[in-house]
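Within every chain, numbering begins at 1; the chains are lettered A, B, ... in the order of the sequence lines, protein sequences first and strands thereafter. The analysis underlying the following values was restricted to heavy atoms, covering all of them including side chains, and did not include hydrogens, waters or symmetry mates.
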There are 2 protein chains.
Amino acid sequence: MPGPIQSLSRAAAIMRLLAGGERRLGLSEVATALDLAKGTAHGILRTLQQEGFVEQDPESGKYQLGAELLRLGQSYLDVHELRARALVWADDLARAAGETVYLGVLHQQGVLIVHHVFRPDDTRQVLEVGSMQPLHSTALGKVLMAYDPVARGELGEGPLEAYTSRTLTELGDIDAECALIRERGWADAIEETWEGVASIGALIQDRRRNPVGAVCISGAVERVCEDGFVRPSLVASVRSAARAISRDLGAGRF
Amino acid sequence: MPGPIQSLSRAAAIMRLLAGGERRLGLSEVATALDLAKGTAHGILRTLQQEGFVEQDPESGKYQLGAELLRLGQSYLDVHELRARALVWADDLARAAGETVYLGVLHQQGVLIVHHVFRPDDTRQVLEVGSMQPLHSTALGKVLMAYDPVARGELGEGPLEAYTSRTLTELGDIDAECALIRERGWADAIEETWEGVASIGALIQDRRRNPVGAVCISGAVERVCEDGFVRPSLVASVRSAARAISRDLGAGRF
DNA sequence: GACAGGCGGTCGACATTGTCGACCGAGTGG
DNA sequence: CCACTCGGTCGACAATGTCGACCGCCTGTC
């Protein structure tokens, strides 16, 4: 039976739809958005609700995502081997560099943040675990594209969004950048996604040398850069953390 | 069609199964655990994998939860109105009390933590957003049971697990405790779940006075308690935070 | 205040769709 | 080298999910 189960794919589409829209959605909105009969959409929603994946506001009757997703997402993190091994190294890196540390993996057309260490100071920061970052304008994303053909393939051919004036939007430029990244072994992104923010990333490999994720530090361009280039000492810290995590992942084998 | 969609319910059961077991599960294990034909289980797993809800270790062929769940779980938090409104109040409460703050909602037979503010000191702490706490032995759970008949109903009739010697395990004791909680307007739990930990919780209501969640502070019994009772000043802080959040939730209406 | 239009939800007929159990090739341990 | 178990496939069958019409309710309008 090499075909996806229709009702399941539709349920997934509904959940993604609910995740995308900021506000709650009504039954009819869901049905028309996905081109389903109202009865069909209702059946799926009712089941999802029963399972806790979707909740219904009893007042308006509109639907939103449910708590079970949060619980399962947490379980995903619990089992995540890369994340587990990287926890302590990421902590050390944040302390050594004095900057925010992200750990990301390829997911669909972006980088999913699976771990986030706050910059070690007292400013209020929001946890970004579970959020996505673009592939073509972040150090994490560029590292993954440089080493993982699948990641590069996710860019497609469409025009790339320019978040700032420094964002690379031409596929040719991206490929040249990737070649450079492979050559020197690390990636940077200076104000390519957010004004004023620069990041430095390096690859994490598993025991068979497959790319499985990336670490990066991210911080104000004034601190991370010097004379328009990222500080070599920070690059060294990031690469050493990435090597340490990769070694840790391979430990089971040797 | 007032019946759940079979394939969806089964998919949900598979994901819960994967979330429960600490390690990855093979196809046959899943099939036998849920009493499904191997082909059926495989079809569901394949679809879930395609949608990103499940990942397969290419080496062993075993299955685990997928990254999409983390992303959707995060989206759940983004939309969560109670959490959004409570963010700043929880922060203030943590600072004022000098203790860890949790925000929880009823989910199935437990309390799901939707927000967590670390105790304001430099000790290393792990984020518990997305994890579950028991109903009958935590301040959060007892508050919810005292005011929400649904929560009380989730206890069922079975024997309650005793986590410590102070855990209430008799339903009669629980009901008496709930009556007391309703009378005085707050709940405590002193070493009822974890040795050495005490917590104080209060109810959060929405604009129609329905119970929607609870806040609590939690910390070492030496700091939270005095002469065997929780410190009145901390109780006052928690109750005031709960009132503030409830008021915030009702703001839309008045 | 009656109407119209929208909502969420239900119903029953239909055939599409998911299910089942036998089967396959690969890997593994005895 | 066999025998076992693994993940995965296949095709027949009917159980299952789907569809579109319909229902009652609420809201806003004329």
Side-chain angles (χ1 to χ4, degrees), chain A residues 1-18 21-66 79 207-208 210 252-253, chain B residues 1-18 21-66 79 207-208 210 252-253:
Chain A
M1 182 200 352
I5 292 182
Q6 190 188 42
S7 54
L8 258 182
S9 299
R10 287 173 166 180
I14 287 180
M15 287 195 279
R16 268 193 284 272
L17 181 69
L18 289 175
E22 284 307 303
R23 63 184 216 296
R24 293 184 258 257
L25 261 47
L27 169 62
S28 304
E29 290 177 283
V30 171
T32 60
L34 298 175
D35 208 26
L36 296 175
K38 243 190 330 180
T40 304
H42 178 59
I44 296 173
L45 279 169
R46 180 158 33 74
T47 307
L48 286 174
Q49 179 183 13
Q50 197 166 308
E51 302 290 345
F53 292 95
V54 151
E55 290 170 4
Q56 186 176 23
D57 181 17
E59 196 160 349
S60 64
K62 292 185 185 300
Y63 294 92
Q64 62 176 330
L65 291 182
V79 181
R207 51 185 74 96
R208 291 200 316 283
N210 292 121
R253 262 300 174 90
Chain B
M1 184 204 345
I5 292 182
Q6 190 188 44
S7 54
L8 260 180
S9 299
R10 287 173 167 181
I14 287 181
M15 287 195 280
R16 267 193 282 272
L17 181 68
L18 289 175
E22 285 306 304
R23 63 181 217 298
R24 294 185 256 258
L25 261 46
L27 169 62
S28 304
E29 290 177 284
V30 171
T32 58
L34 298 176
D35 207 26
L36 295 176
K38 246 192 326 185
T40 305
H42 178 58
I44 295 172
L45 279 168
R46 181 158 34 74
T47 308
L48 286 175
Q49 179 184 12
Q50 196 166 307
E51 302 290 346
F53 291 96
V54 151
E55 290 170 4
Q56 187 176 22
D57 180 16
E59 198 161 347
S60 64
K62 293 186 185 298
Y63 295 92
Q64 62 177 330
L65 292 182
V79 180
R207 51 185 75 93
R208 291 201 318 282
N210 293 121
R253 263 300 174 88

Chemist: Nearest whole angstrom, please: distance from the C1' of D:dC26 to the NZ of A:Lys62.
Modeler: 13 Å

Chemist: Find out whether B:Tyr63 and B:Met15 are in side-chain contact, i.e. whether some heavy atom of one side chain is under 4.5 Å from a heavy atom of the other.
Modeler: no

Chemist: Within the structure provided, determine whether A:Val54 and A:Gln64 are in side-chain contact (heavy-atom separation under 4.5 Å).
Modeler: no

Chemist: Applying a 4.0 Å non-hydrogen cut-off, can you work out what B:Lys38 is touching in the nucleic acid: base, sugar-phosphate, or nothing?
Modeler: base

Chemist: Taking OP1 and OP2 of C:dG18, is either one under 4.0 Å from a side-chain nitrogen or oxygen of B:Thr40?
Modeler: no

Chemist: Please examine the side chains of A:Val79 and B:Leu65, heavy atoms only from C-beta on, and report whether any two atoms are closer than 4.5 Å.
Modeler: no

Chemist: Return no unless some side-chain N or O of A:Ser28 is found under 4.0 Å from OP1 or OP2 of C:dG6.
Modeler: no

Chemist: On DNA chain C, check which nucleotide each of A:Gly61 and A:Gln6 is closest to and give me the residue with the more 5' one.
Modeler: A:Gly61

Chemist: Going by heavy atoms in the side chains, are A:Arg24 and A:Gln56 under 4.5 Å from each other?
Modeler: no

Chemist: Set out, line by line, the N/O atom pairs under 3.5 Å between protein and nucleotides 28-30 of chain C.
Modeler:
none

Chemist: Check whether any side-chain heavy atom of B:Thr40 lies under 4.5 Å from a side-chain heavy atom of B:Arg10, and answer yes or no.
Modeler: yes

Chemist: Can you measure A:Tyr63 atom OH to C:dG8 atom P for me and round it to whole angstrom units?
Modeler: 8 Å

Chemist: Round to a whole Å and report the spacing from CZ of B:Arg46 to C1' of C:dG18.
Modeler: 11 Å

Chemist: Rounded to the nearest Å, what distance is computed from the CG atom of residue A:Asp57 to the P atom of nucleotide C:dG9?
Modeler: 11 Å

Chemist: Can you confirm whether A:Lys62 sits close enough to A:Leu25 that some side-chain heavy atom of one is under 4.5 Å from a side-chain heavy atom of the other?
Modeler: no

Chemist: Between A:Gln50 (CD) and D:dG17 (P), how many Å, whole number?
Modeler: 12 Å

Chemist: Look at A:Arg23 together with A:Glu29 and state whether they make a salt bridge at an N to O cut-off of under 4.0 Å.
Modeler: yes

Chemist: Both A:His42 and A:Arg10 contact DNA chain C. Which one's nearest nucleotide lies toward the 5' end?
Modeler: A:His42

Chemist: With heavy atoms under 4.0 Å as the rule, sort A:Gln56 into base, sugar-phosphate or nothing.
Modeler: sugar-phosphate

